Amino acid sequence: MIRLFVPNDLSAGAGVVPTVDQSRYLTSVMRLAVGAELLLFNGRDGEWRATLVEATKRGCLLKAEEQTRPMTLGPDLDLIVAMVKRGRVETIVEKAAELGARRVRLTITRRTNVDFVKLGRLDAIAMEAAEQTGRLDVPEVADPEKLDKILDGWDPARRLVFCDEGGDARPAIEALAGTGDPAAILIGPEGGFAPEERERLRGLPFVTPVSLGPRILRADTAAISAMTLWQAAAGDWR
């Protein structure tokens with residue numbers, strides 16, 4: 001059944017007016033007719049079965065009927081990733097949503113060579129992935145921040161998993177066992193972290209350095225691998 005993210009409050013009998021693009025998708029692409037059923041979620045009220053009650057050239061109207069699932073959230077996991085080329089960062093955001101990250105935080109490091117990103121495009125990718133995977137919320141994609149600023153404002157109660165290419169960190173699957181949430185995973189740029197960044201990270205008490213194996217991974221591969229290992233060791237895959 002089609003799932004759609006909407007900002008509206010959801011309750012029995014509530015009317016929902018989809019965006020123009022959503023209306024076009026429902027009636028022109030998926031060819032839904034009046035009376036067709038679909039699922040709605042908004043990140044607050046769980047998942048609701050809804051009915052298409054009106055369809056015109058200008059848009060359509062949906063009516064929430066009954067709750068099919070109460071609101072639940074996955075683990076409190078952030079993915080912090082240095083900005084990379086557009087195609088790769090889009091893949092990272094999509095897979096972060098599929099793998100259960102609650103937030104994606106873009107960061108600028110010493111060796112970051114990309115300084116522009118279309119957040120609206122990334123938000124749309126995260127929303128579409130949430131619709132397709134069955135999760136009840138959409139991960140937040142935050143504005144890029146310098147790594148030093150992120151670390152300066154860090155909450156030490158959140159464990160930071162530092163994916164270190166230095167070669168002397170413990171294997172991720174061992175280091176992550178029992179870490180739990182809240183947690184965050186840090187992925188560096190394609191050129192790796194600068195020595196001074198690595199030294200600072202290694203010296204912070206809330207940081208757990210981990211190795212992702214003997215090969216140098218691209219940022220998107222590293223992000224997917226690290227999130228998969230964390231979910232298996234400490235997240236909701238157990």
Side-chain angles (χ1 to χ4, degrees), residues 73-84 88-89 91-112 122 126 129 135 137 139-142 144-238:
L73 292 173
D76 189 357
L77 176 66
D78 288 1
L79 175 65
I80 305 172
V81 60
M83 290 175 59
V84 290
R88 295 192 182 278
V89 78
T91 296
I92 289 169
V93 169
E94 178 184 68
K95 301 311 175 187
E98 292 179 9
L99 289 166
R102 198 174 295 184
R103 285 165 293 271
V104 179
R105 302 180 66 180
L106 303 175
T107 188
I108 301 168
T109 67
R110 301 285 197 280
R111 293 174 177 170
T112 298
L122 297 182
R135 63 184 288 173
D137 65 323
E140 172 192 353
V141 183
E145 288 185 286
K146 290 186 177 180
L147 179 60
D148 285 337
K149 183 178 179 181
I150 290 176
L151 295 177
D152 288 343
W154 196 264
D155 178 1
R158 181 180 295 275
R159 175 59 46 183
L160 178 58
V161 178
F162 165 39
C163 296
D164 187 2
E165 297 177 346
D168 56 349
R170 292 173 63 198
I173 197 66
E174 295 179 7
L176 294 175
T179 54
D181 60 2
I185 294 170
L186 174 61
I187 304 294
E190 293 182 352
F193 290 99
E196 61 271 24
E197 292 172 328
R198 185 170 180 264
E199 181 179 1
R200 182 182 183 188
L201 286 162
R202 283 281 191 143
L204 294 171
F206 51 81
V207 170
T208 298
V210 304
S211 169
L212 295 178
R215 289 166 290 279
I216 302 298
L217 305 179
R218 289 186 178 273
D220 49 346
T221 307
I224 294 167
S225 299
M227 284 187 291
T228 299
L229 290 170
W230 187 90
Q231 285 285 30
D236 61 7
W237 288 14
R238 293 173 295 168

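The residues of the chain are indexed from 1 along the displayed sequence. These numbers come from a predicted model, not from an experiment.
With respect to the salt-bridge test (charged N to carboxylate O, under 4.0 angstrom), the residues Glu197 and Arg111 do not qualify. Using a 4.0 Å cut-off between a side-chain N of Lys or Arg and a carboxylate O of Asp or Glu, Asp137 and Arg103 do not qualify as a salt bridge. Salt bridge annotation for Glu199-Arg202: absent, with no cationic side-chain nitrogen under 4.0 angstrom from a carboxylate oxygen. Taking 4.0 Å as the cut-off between side-chain N and carboxylate O, Asp164 and Arg198 count as a salt-bridged pair. One finds a salt bridge joining Asp152 and Arg200 here, because a Lys/Arg side-chain nitrogen approaches an Asp/Glu carboxylate oxygen to under 4.0 Å.
Between Leu160 and Thr208, the closest side-chain pair of non-hydrogen atoms is not below 4.5 Å. Using a 4.5 Å heavy-atom cutoff, the side chains of Asp76 and Arg158 are in contact.
Here the CZ-CE distance, from Arg88 to Met83, works out to 15.0 Å after rounding to the nearest 0.5 Å. Taken to the nearest 0.5 Å, the CZ atom of Arg218 stands 13.5 Å off from the OG atom of Ser225. Considering CZ of Arg102 and CG of Leu73, their distance stands at 4.5 Å, rounded to 0.5 Å. Considering CD of Glu190 and CG of Asp220, their distance stands at 8.0 Å, rounded to 0.5 Å. Atom NZ in Lys95 sits 11.5 Å away from atom OG1 in Thr221 (nearest 0.5 Å). In this structure, the separation between CZ on Phe193 and CG on Leu147 is 6.5 Å, given to the nearest 0.5 Å.
Between Trp154 and Phe206, the angle of the ring planes stays under 30°, which puts this pair in the parallel group of the 30/60° scheme.
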- Task: Dump the intermediate steps for side chain to side chain contact (heavy atoms under 4.5 Å, CB included) on Val141 and Val93, then the final yes or no.
- Result: CA-CA 8 Å; Val141 183; Val93 169; 4.1 Å; yes

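Smallest separation of non-hydrogen atoms from Ala226 and Ile187: CB-CD1, 4.3 Å. Heavy-atom minimum distance, Pro75 versus Gln231: CG-OE1, 3.8 Å. Pro209 approaches Ala175 most closely through the heavy-atom pair O-CB, 4.3 Å. A pairwise comparison of heavy atoms in Leu212 and Ala172 identifies CD2-CB, 4.0 Å as the closest pair. The two residues Ala97 and Ala126 come nearest to each other via the heavy atoms CB-O, 4.0 Å. Of all heavy-atom pairs between Leu217 and Glu165, the closest is O-OE2, 4.3 Å.
If you check the side chains of Thr109 and Thr112, you find a donor sitting under 3.5 Å from an acceptor.
Among Leu99, Ile185, Leu79, Ile173, the single residue meeting the side chain to side chain contact (heavy atoms under 4.5 Å, CB included) criterion with Trp230 is Ile185.
In terms of modelled atom types and a separation under 3.5 Å, the side chain of Ser211 and the main chain of Arg170 share no donor-acceptor contact.
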